[in-house]
Structures are given as structure tokens and as C-alpha cells.
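Counting starts at 1 for both ligands and their atoms, following the listed order.
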Amino acid sequence: MKILHEGDHSKAFCHDCGDVVQTTFMRRDMPFSDGKGVAPNILVGVCDRCHRTVSLPAQSTPAVAKARKAATQAIEAKLPAIYIDVLDHAVHHIDSQASTDFRRALLTYFVHKAALDSHSGALLRASHRKAIERFPEERGVARRRLSLRVPTRVIDDFRKLEASTELNTTELLKSVVFLIQTRVLEEPRPRLIGELRALSAIWA
Ligand SMILES: [Zn+2]
């Protein structure tokens, strides 16, 4: 594979010009496709006629992937320790060899599914009520920190659910963890468990 440099030329199809055009390689900040952030100084092919970015050479894809991975944020909360125990128990039930880092995948899975479902607001509020009932919080209850670094789109899912449930981060996490307890530990459905086991296998 030939390594390209700034100023090199090639040809590519430009959608704006509707034609195969000559391109010049130069470095530009590339916005991610979801519009959340940019990958800085990426070598791209630019249309010589209209100056739009029209190609991304293979040598640039690792830099884009790295920038995208770096664009994560953390969901953080201090939860009563029982919730972390439940989460770890569910992780262990899905895959006894999974590390506690699989917590992140498990929570992300449930948050993403809920964000896609327009009825999840009521479901999560009900789950929150049951959680508070089941795990009453006496004063001075032991708490443990949960910190999950996730891509910005997962943060978006999370914010969406906070809005639809009117729960803050900590309370929403309790609700999601309780939902996990119900669906994974108490009333496991084979299809869901199968999906989560497959997720665990590719996660490691
Ligand atoms: Zn063009």
C-alpha cells in the first residue's frame, strides 16, 4: 500500500460535482458521523473543484477510530452497595468468567434498548419504585462508586431516559439495575440471556 502525503493527488467520485474528480490530499478536522466531536488533523482527499472532503484513505482510519474512542464520557454515581452487588451477580450469571468491566456492556445494553422503546419511561419508573421498596435506604447505608466510561451516544441515550423518567443519574441507575435483576436473575428469558452471553463472548 502506498503511503499518501499532503499534496498528493488521486481521483474519487464527488457527490456534489456528480463526477469523478481529481482530489488533493490534505489534513482536515473530520466531524464524526453523529456530529458529536471531530477527529483532528486527518489526511483526507479533497475535491479540486468544490473543495469538499470526498475520500478517507485507509491509512487515516486508525486515527479516526482512536479519536472516536477518546470521545467518551463517564456516567458516575454513588449507589447503595446492594446495587453494585446485584450488577456483579448478574454479570457472573451471564458469564462466570466475565470481568467486572462487563458491567459497562450490560448497563449500556439495557440503557440502549430502553432508549429505543417509547414506553420505557413508565417501565423504568415502575422499576425504580420496586427498587426503593426492595432495597430501602436507611441512613448511613454503605455506598459504592460506579463509574462507566461510555461513548457519547450512550450518554445521549442516558440523558434521554433521565428526561422521560424524570429521574436523576443515581436514581435512573437504580432503576436500570433493578430491571437487570428482574430480567437476568429473577425471570430470565432464554433469548435475552443468549444475547447477553454472545455479547460477553465478544466483549472479552
Ligand atoms: Zn466536488
Side-chain angles (χ1 to χ4, degrees), residues 1-77 99 101-121 123-124 147-169 172-173 176 191-192 194-204:
M1 188 181 90
K2 186 176 168 249
I3 291 288
L4 298 163
H5 299 273
E6 282 171 84
D8 286 352
H9 297 288
S10 181
K11 283 190 185 329
F13 186 79
C14 174
H15 281 279
D16 281 14
C17 299
D19 203 359
V20 176
V21 295
Q22 174 163 283
T23 61
T24 302
F25 289 99
M26 54 183 77
R27 292 197 179 274
R28 282 187 170 173
D29 293 346
M30 285 284 292
F32 296 137
S33 51
D34 58 10
K36 309 249 180 242
V38 296
N41 291 317
I42 302 299
L43 191 73
V44 294
V46 173
C47 172
D48 280 3
R49 283 192 217 163
C50 72
H51 306 290
R52 275 186 70 107
T53 302
V54 291
S55 68
L56 182 73
Q59 75 192 55
S60 294
T61 52
V64 174
K66 194 175 165 218
R68 185 180 273 285
K69 199 168 177 199
T72 60
Q73 293 178 43
I75 293 173
E76 290 195 337
S99 73
D101 187 48
F102 186 64
R103 285 171 184 169
R104 195 153 52 97
L106 186 58
L107 278 165
T108 300
Y109 178 94
F110 274 83
V111 165
H112 184 61
K113 286 263 164 155
L116 291 175
D117 176 0
S118 56
H119 303 296
S120 60
L123 175 76
L124 286 169
S147 177
L148 307 156
R149 286 213 80 84
V150 293
T152 43
R153 52 191 262 196
V154 178
I155 301 276
D156 293 344
D157 284 344
F158 207 80
R159 298 286 170 254
K160 202 170 133 189
L161 293 178
E162 282 176 353
S164 68
T165 57
E166 297 176 357
L167 296 171
N168 66 24
T169 303
L172 180 58
L173 279 169
V176 175
R191 188 161 154 214
L192 173 68
E195 262 181 55
L196 293 173
R197 291 207 163 123
L199 182 63
S200 167
I202 55 174
W203 180 263

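- Minimum interatomic distance between Ala114 and Ser120 (heavy atoms only, all atoms of both residues): O-OG, 2.7 Å.
- Residues Phe110 and Leu161 form no side-chain contact, since every pair of their non-hydrogen atoms from C-beta on lies 4.5 Å or further apart.
- For the Zn ion (ligand 1), the nearby protein N/O/S atoms, meaning those under 2.8 Å, are Cys14 SG, Cys17 SG, Cys47 SG, Cys50 SG.
- In this structure, Arg104 contributes its side chain and Arg149 its backbone to a donor-acceptor pair below 3.5 Å.
- Contact of the Asp48 side chain with the Val21 side chain is not registered, since no non-hydrogen atoms from C-beta on lie closer than 4.5 Å.
- The main-chain N or O of Leu4 is found under 3.5 Å from a side-chain atom of Gln59 such that the two form a donor-acceptor pair.
- For the pair His15/Val54, no side-chain contact is recorded, criterion being any heavy-atom separation below 4.5 Å from C-beta on.
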